[in-house]
2 protein chains.
Amino acid sequence: MSPGGSSALPRSVDVAKLAGVSQKTVSRVFNDEPYVSADVRRRVLEAADQLGYRLNNAARALASGRTRSIGVVALGTALYGPASLLIGIERAARDTGYALRVVSTVEGDPTGVAGAISSLLDQGVDGIVISEPIDDGPVPVKIDVPVLVLGAPPSFSGPRVINTSVHAYDMARIATEHLLDLGHATVHHVAGPQRWFASKDRLDGWRAALQARNAAEPPVFEGDWSPDSGHAAGRQLARTPGVTAIFAANDDMAIGVIRALTESGLRVPEDVSVVGFDDVPVAAYVTPPLTTVRQPFDAVAREGLALLVHAIEKPAEVVPAAVGQPVDLVVRASTAPPPA
Amino acid sequence: MSPGGSSALPRSVDVAKLAGVSQKTVSRVFNDEPYVSADVRRRVLEAADQLGYRLNNAARALASGRTRSIGVVALGTALYGPASLLIGIERAARDTGYALRVVSTVEGDPTGVAGAISSLLDQGVDGIVISEPIDDGPVPVKIDVPVLVLGAPPSFSGPRVINTSVHAYDMARIATEHLLDLGHATVHHVAGPQRWFASKDRLDGWRAALQARNAAEPPVFEGDWSPDSGHAAGRQLARTPGVTAIFAANDDMAIGVIRALTESGLRVPEDVSVVGFDDVPVAAYVTPPLTTVRQPFDAVAREGLALLVHAIEKPAEVVPAAVGQPVDLVVRASTAPPPA
DNA sequence: GTGAAAGCGCTAACAC
DNA sequence: GTGTTAGCGCTTTCAC
């Protein structure tokens, strides 16, 4: 073996030499630029293949000033909603040709979202997605790339911020109306943590539905998305007279609520109806099968990413508004008319 | 506004100028190199802060040949196990100071894992993590960085491949033995897709437990991790005489199985015991609360990442073997002795 | 259609 | 302790 022999990775000059063209031509081929003859293109590709050449992304980023990657601020949780959304973002990003850098906000980290954004900016990204945002106070970071906020009301604003909503508000409203339509006098709500915009949205939707029907607004229970917190709320609700309908802000809490009701001797849906939110895979297989709301994570991610890429690639143009995505109420067996 | 005025991002020379030092000194400060006087360090930091300076990661990567990022090949699914593992990886990576690039293998993509790895290599990573690997055939990519395979037997091998196991084999064995210990003559198994190494491991553990006790090995049902597939298996099992104990390869399928049994008029656990795998959050709140196996995702990710970083930073040294992480059998109410 | 030269913003190796 | 000099491997600009 010659010293340093075959270990060094080939560079575009090596490909150029082998193909008998200039280095610039290799660059043209790898960037799909026009004005390269079919013959030259083929020769370059062949040489590259033979050498095992890969474009050096760092050099490309340095020279062009663009990283071709998007940063995601995710939540460090395996909750069905956030996890599904992250997958949708990954898929959508790949389709647009952007790579993904992911940072999670840590529970209890004082720097929160701002720290995550700062870290992404350090890494170098052309745009940022804030997925399932939580209200973390102001974000004191100078952000010089477009930001997409997925699923939040426009409270998170700025010069280059794009907001899309997952229509959680409408969905919560529809879920609540479903219960009202069945004849329930009012609907109790087990909310998520109020720092999450998703929780606020659902709370507001629930409230709006009650107000539109002049239904009394009972006190809200605030859970933490866990079945455990749903269970705790359910135990209290079971002791509260007149509770016939409950809307939980996610399926896990709904399942906890149902268990607590059942343990207290109440039947679901004969005595109390329960609606969840998310349509987790097991929702159809718990007892009773859960009426819930299905969110179009993939479509939301795809629409949002398209807008973000637009903002990245055409900074001068105005970003079109998000259309929003339709949602489904999935009626199963956990809801029924109130007891006579 | 002066044209092009304040929009350009500051570079390290700008900081150097402002602080009255050389550009190299700025570099030293930002890389925590020794031999910088406290006074100079402070001045540089102040100047940087004033200008809003950030190190340009692309330039750094180009000059140093290291990207300080790790690529993850994830599965494009919100399944609890894979999602939890991904979060664990993100957390562990952040603690080691590496950034994360994520690519998912797409269902039905012919390039599969190889394509994902290739994409990461294009993006530029110092190491690769293959999380929850599936058997995707050979990987015909020349990989010049260390690779960590999380949770697979060493079938995925190569010069710089590190294997760690989540001890799924042992866990499956313990789960099966739990049922045998309760007095069941044998245990039926609802497996995951056999392309997943995780499924194979669990299947092998189950089989080993049966063989060690000379229990008959009933035919295996292969599901796809979904409650739906568990439900289908459960319907068949309900019709099969002599079924008193079932081990499902994940909780979702276990929940589907339980529902099918219940629909067929069988009681869990009085007539049939069911064990799941994962300990999803709702496991304690379904009916009956599910006996299952809890996996130490965070510890597994942390151990694996530590080994990977070791391999990245000390290429010459031998990577120590993975110790493996302890696991828990969580006994709840879905298991009991067989009917008399 | 293709090529030559310049430079992106850093780190590496060495000098002082 | 600090500064100087060369690149890292591309893209950009402009010439032909």
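These numbers come from the heavy atoms of this one structure, side chains and all, not from hydrogens, waters or symmetry mates. A quick note: this is a predicted structure, and the numbers were derived from the prediction, not measured. Chain letters run A, B, ... following the sequence lines, proteins first and then strands; every chain starts at 1.
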Regarding B:Asn57 and B:Arg68, is there a side-chain donor-to-acceptor distance under 3.5 Å anywhere? no

Measure from the side-chain heavy atoms of A:Ala59 and tell me the nearest of D:dC10, C:dG3, D:dG3. D:dC10

Rounded distance (Å) that lies between atom C1' of D:dC10 and atom CD of A:Glu33: 12 Å

Does A:Ser37 place a side-chain N or O at less than 4.0 Å from the phosphate oxygens OP1/OP2 of C:dT2? yes

Quick check: on DNA chain C, is the nucleotide nearest A:Ser22 upstream (toward 5') of the one nearest B:Ser27, or the reverse? Name the residue that is more 5'. A:Ser22

Take the protein atom OH of B:Tyr35 and the nucleotide atom C1' of D:dG3, then report the distance between them rounded to whole Å. 17 Å

Find the distance between CZ (A:Arg101) and OG (B:Ser69) and round it off to the nearest 0.5 Å. 4.5 Å

Consider the side chain of A:Thr25, meaning its heavy atoms from C-beta on, and name the nucleotide among D:dG9, C:dC10, C:dG3 that approaches it most closely. C:dG3

Is a donor on one side and an acceptor on the other found under 3.5 Å between the side chain of A:Arg91 and the backbone of B:Gly76? yes

Respond yes when some side-chain nitrogen or oxygen of B:Tyr53 is under 4.0 Å from OP1 or OP2 of C:dC10, and no when none is. yes

Over how many whole Å does the gap from A:Arg66 atom CZ to C:dG9 atom P extend? 16 Å

Rounded to whole Å, please give me the gap between NZ in A:Lys24 and C1' in C:dT2. 10 Å

Name the nucleic acid region contacted by B:Phe30, choosing base, sugar-phosphate or nothing; use a 4.0 angstrom heavy-atom cut-off, strictly under. nothing

Rounded interatomic separation in angstrom, taking NZ from A:Lys17 and C1' from C:dA4: 15 Å

Are OP1 or OP2 of D:dC10 and a side-chain N or O of A:Arg60 less than 4.0 angstrom apart? no

Establish whether the base of D:dG3 is bridged to the side chain of B:Arg28 by a donor-acceptor pair shorter than 3.5 Å. yes

Sugar-phosphate, base or nothing in reach of A:Val13, heavy atoms under 4.0 Å: nothing

Output the single nucleotide from D:dT4, D:dT11, C:dG9 whose closest atom is nearest the side chain of B:Leu62. C:dG9

Name the nucleic acid region contacted by B:Asn31, choosing base, sugar-phosphate or nothing; use a 4.0 angstrom heavy-atom cut-off, strictly under. sugar-phosphate

Protein-nucleotide distance (B:Leu55, atom CG; C:dG9, atom P), rounded to Å: 12 Å

Check this for me, if you would: do A:Arg160 and A:Asp144 make a salt bridge, where the nitrogen-to-carboxylate-oxygen distance has to be below 4.0 angstrom? no

Nucleotide D:dC8, atom P - distance to CG of A:Asn57 in whole Å: 18 Å

Separation of C:dG1 P from A:Gln23 CD (nearest whole Å): 21 Å

Side-chain (A:Asp126) to main-chain (A:Thr67) donor-acceptor, under 3.5 angstrom: yes

